[in-house]
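All values below come from the heavy atoms of this structure, side chains included, with hydrogens, waters and symmetry mates left out.
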Amino acid sequence: AMLVDHGYVDLLVRGEGEETAAELLYELQWNAKREPDASGLRTVAGLTYRAPGGDGVIRTADRSPIADLTGVPSPYLGNIFDGVPREILYGATLETNRGCPYGCTFCDWGSATQQKIRKFDLERVRAELRAEGGALGALETVYLGGGTPTLMRPRRLRALLDDVRPRLAEGAEVSIEANPETVDARALADLREMGVNRLSLGVQSFQGHLPEALDRAATPDQVRRAADCARAAGFTDLSIALIFGIPSQSPADILAAPA
């Protein structure tokens, strides 16, 4: 659909891109030395591209997720940004893990869903934080996102936040996303003790029949309990994510009080 709807797009990389992009560049380089018929692209898994001459679309085999993330190079530890003026680098995105056990129908990360979570080495992430944290100066905002940070083992999460804390500006906001069914009173109290001061709950809908359309697990009761536990733990900055336009959702569903 992307290639059909957007004529300026010729090629897409599906799923994790590191290995696919490397093989793609090799094939493009090789094609430049011979008659460029793009036939070699058929051997690169994880591609969708326009057939030569614009006659249809070619989709190659799916590529399996990278099992061992230790082989994935770090852009922060590999001097990739050394030549970039620091004043335009207003933030950094650090990966702690890949994969997600959920299969939410609204998620853009479709290639990463319903998978075992694979972790980057903790020391690598801490080294990236030291490298970029020093360059960025005092951190005014830290956001632990991606939908699943509360599935991280508490010891691992605490180690990362312990490294973040000395780099925070006064009054900094430290936010975390959480699915309501993944947190309880103890987990939320631990997050507050670690220095997290803002919580975003992935509710999506308060109507009991709609989460099923999204393949979401949290019930309205779990949402209420999570919000109550968050307030009891000391969270005064609490937000919820809601989705409008869910299949079968009516205007009455949007306006109705939580079920």
Would a hydrophobic clustering, with Ile, Leu, Val, Met, Phe, Trp and Tyr connected at side-chain separations under 4.5 Å, put V4 with V9? no
Between L25 and V13, is there shared hydrophobic-cluster membership here, with clusters defined by ILVMFWY side-chain heavy atoms closer than 4.5 Å? no
What's the separation between atom CZ in R225 and atom CD in Q222, rounded to the nearest 0.5 Å? 5.5 Å
Correct closest heavy-atom pair for G46 and T60 would be N-OG1, 3.2 Å
Once you round to the nearest 0.5 Å, how far does CZ of R224 lie from OG1 of T219? 8.0 Å
Rounding to 0.5 Å, atoms CD (E140) and CD (E170) come to a distance of 11.5 Å
Regarding R186 and E193, does a basic nitrogen lie under 4.0 Å from an acidic carboxylate oxygen? no
Using a strict threshold of under 4.0 Å (side-chain N to carboxylate O), is an ion pair present between E123 and R156? no
Determine the sole option in T182, L160, L144 for which the side chain to side chain contact (heavy atoms under 4.5 Å, CB included) test with P149 is passed. L144
Heavy-atom pair of closest approach, residues L11 and L3: N-CD2, 4.2 Å
Can you name the closest pair of heavy atoms from V183 and A226 and give their distance? CG2-CB, 4.2 Å
Please step through salt bridge (Lys or Arg N to Asp or Glu O under 4.0 Å) for the pair R42 and E27, ending with a clear verdict. CA-CA 10 Å; R42 292 180 180 270; E27 286 297 332; over 6 Å; no
Quick one: do E23 and R63 satisfy salt bridge (Lys or Arg N to Asp or Glu O under 4.0 Å)? Show the steps, please. CA-CA 12 Å; E23 294 180 20; R63 185 180 293 273; 3.0 Å; yes
Roughly how far, to the nearest 0.5 Å, is the CG atom of N97 from the OG1 atom of T148? 5.0 Å
Non-hydrogen atoms of L188 and A230 that approach each other most closely: CD1-N, 3.5 Å
Where the side chain of R118 meets the backbone of I66, is there a donor-acceptor pair that is under 3.5 Å apart? yes
Rounded to the nearest 0.5 angstrom, the CD1-SG distance for I117 and C100 is 6.5 Å
Could you give me the CA-CA distance, side-chain angles and deciding distance for E177 and Y143, then say whether side chain to side chain donor-acceptor pair (under 3.5 Å) is met? CA-CA 8 Å; E177 291 182 359; Y143 195 91; 2.9 Å; yes
Test the R198-F235 pair against the cation-pi criterion, namely NZ or CZ under 6.0 angstrom from the six-membered ring centroid and within 45° of the ring axis. no
Neighbour count >12 (heavy atoms, 6.0 Å) for atom CZ, R165: yes
Which heavy atom in A131 sits nearest to a heavy atom in Y76, and how many Å separate them? CB-O, 4.4 Å
Is L69 linked to L77 within one hydrophobic cluster, defined over Ile, Leu, Val, Met, Phe, Trp and Tyr using a side-chain heavy-atom separation of less than 4.5 Å? no
For Q204 versus I246, what's the shortest heavy-atom pair and its separation? O-CD1, 4.1 Å
Report yes or no: do L238 and V203 belong to one cluster of Ile/Leu/Val/Met/Phe/Trp/Tyr joined by side chain heavy-atom distances under 4.5 Å? yes
